[in-house]
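One structure is given below, encoded as structure tokens.
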Amino acid sequence: MALFGLIDANSFYCSCERAFRPDLVGRPVVVLSNNDGCAIARTAEAKSLGIRMGDAYHLIRNKPELRDVVWFSSNYALYADMSRRIFEVISGHVPSVEPYSIDEMFMDLSGLSDVAGRMHVLRYDVLRATKVPTCVGFGPTKTIAKLANAMAKANPGMAGVCDLSQSRYRDALYRDTPVSEVWGLGRRTCEKLGTLGVTTVSQFVRMPSARVRKTLTVVGERIHAELQGVSCLDLEEVSAPRKGATVSRSFGAAIVTFDELRQALMTFTSRLSEKLRAENSVAANLHVFMSTGFPAPGRAPHGSARQVRIQPTSNVFDLQRHAAAMALEMWRDGIEYRKAGVMATEILPQDQVPQDLFSLTQDGKSRGDRISETMDAINARFGKGTVRTLSMALGRDTWKPRAEMLSRRYTTCLEELPEV
DNA sequence: TCTGGGGTCCTAGGACCC
DNA sequence: TCTGGGGTCCTAGGACCC
């Protein structure tokens with residue numbers, strides 16, 4: 001029988017910060033979203049002070065009861081590298097791992113003996129190697145493993161590991177668990193189920209499949225089967241190629257001149273082209289959007305978006321040229337722009353691109369492609385942003401998101417190594 | 001002054017094809 | 001007079017996830 005495990009880091013971003021700041025153990029820590037906008041990760045101590053996911057920093061920062069909270073801007077370079085380290089440790093313990101998000105990994109545990117014992121050892125090794133505490137849940141399907149993981153987090157008595165492999169363990173749990181705890185059943189779906197009188201997992205599981213399908217389509221039917229122990233979702237060791245890629249940001253301050261907006265968009269486009277090249281893919285469709293952001297009194301919301309089909313490319317110069325042209329068409333004087341972004345869709349592997357007869361070179365790469373690759377190589381060697389296109393370098397940095405409480409990139413940047 | 005960023009999948013309806 | 005059966009692709013919108 002198949003057995004799936006899910007390992008998930010506790011307050012992952014906060015735990016990464018604590019890993020290099022042991023003085024913060026036992027203290028309330030919060031990590032903020034980009035632009036220091038809102039709370040996206042909280043330690044148990046911060047949660048118990050009443051800080052909720054998504055609380056706006058500017059509204060809570062001065063509350064007297066939160067004076068001891070240690071706030072951090074988000075440091076994705078650090079979190080991504082810590083995630084990679086956790087993956088390495090797990091890979092040494094189980095036959096196959098599927099990274100599901102930056103702080104969660106599914107594992108194939110089929111056929112292993114003493115699974116619970118092994119999971120305790122795994123948790124210990126992850127903690128020893130990275131200082132990041134985790135919880136593990138396991139069961140016959142991914143959906144059950146996910147639920148088991150939530151149980152392990154909620155019940156300290158389980159010592160971080162929850163076993164839902166046997167249906168007799170599940171029956172009691174299902175009676176006391178609201179449907180909203182189930183992976184894939186969000187707010188809307190739970191409202192719909194509520195009108196049918198279904199509020200607990202056990203009520204949901206007892207619904208006839210046909211009725212589930214009628215009300216929640218095949219998506220709900222799959223979750224329904226998974227909760228009954230019928231596996232519908234496989235472990236995906238090789239990640240499917242991505243279908244789209246986006247780089248967007250809210251600005252640190254409103255932008256009122258086209259030059260500033262263009263500089264921001266050219267930086268986003270450069271980052272987008274790096275993402276494409278890192279996966280040896282190209283995009284045939286480029287989108288640009290800009291908006292005033294959240295509506296406010298006395299400020300009319302405004303947003304615009306454009307897209308263009310292009311000769312498939314990942315070359316930074318071509319992408320920037322198209323993005324700049326669309327931005328110029330959309331720009332309106334007198335509007336305070338607070339957010340913008342670029343998106344690539346219709347992504348395909350570079351070696352599947354039909355060649356343009358008139359610009360063909362020997363290896364199918366243009367001059368711009370070669371320069372882009374050379375820039376990647378230099379930036380990999382000497383640090384991000386060492387070489388940039390001129391369009392990104394000009395002008396001021398008014399658009400840059402706020403990040404006033406940024407920790408060091410302890411593990412990925414020589415100048416920022418921890419000092420002992 | 002003040003609220004993140006990045007994804008995936010499914011459905012319904014229209015256009016079009018043979 | 002009245003009119004089959006089967007398909008694909010695209011888009012917008014909804015829902016969900018971390």
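In the text below, chain A, chain B and the rest are named by the order of the sequence lines, each starting its count at 1.
Partners of A:F204 by ring-ring contact (aromatic ring centres under 6.0 Å, His included), not counting sequence neighbours, listed by chain and number: A:H224. Contacts of A:Y57 classified as ring-ring contact (aromatic ring centres under 6.0 Å, His included), with partners at least two apart in sequence or in another chain: A:W71. Scanning for side-chain contact (heavy atoms from CB on, under 4.5 Å) contacts around A:T269 gives A:M266, A:L319, A:Q320, A:A323, A:V342, with sequence neighbours left out. Taking A:R213 as the reference, A:E221 meet the salt bridge (Lys or Arg N to Asp or Glu O under 4.0 Å) condition, with sequence neighbours excluded. Residues satisfying the side-chain contact (heavy atoms from CB on, under 4.5 Å) criterion with A:K63, sequence neighbours excluded, are A:I60, A:E65, A:L66. In terms of the side-chain contact (heavy atoms from CB on, under 4.5 Å) criterion, residue partners of A:P418 (sequence neighbours excluded) are, by chain and number, A:F20, A:Y410. Scored by the ring-ring contact (aromatic ring centres under 6.0 Å, His included) test, A:F258 finds A:W331 as partners (sequence neighbours excluded). Applying the side-chain contact (heavy atoms from CB on, under 4.5 Å) rule to A:A145 yields the partners A:F4, A:L6; only residues at least two apart in sequence or on another chain are considered.
Side chains of A:S73 and A:D36: a donor-acceptor N/O pair is present below 3.5 angstrom, by distance only.
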Contact state string [nucleotides 3-10 of chain B, B base, S sugar-phosphate only, - no protein heavy atom under 4.0 Å]: SSSSSSSS
With B for base contact, S for sugar-phosphate-only contact and - for none (protein heavy atoms under 4.0 Å), nucleotides 11-18 of chain C reads ----SSSS
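Judged as a side chain to side chain donor-acceptor pair (under 3.5 Å), the pairs with a partner in residues 147-157 of chain A (not counting sequence neighbours) are, in order, A:D8-A:K153.
Looking at DNA chain B, the stems built from 3 or more consecutive Watson-Crick or G-U wobble pairs, each pair with its key distances under 3.5 Å, are B:5-18 with C:5-18.
Taking atom P on both B:dT3 and C:dC18, the two are 25 Å apart, rounded to the nearest angstrom.
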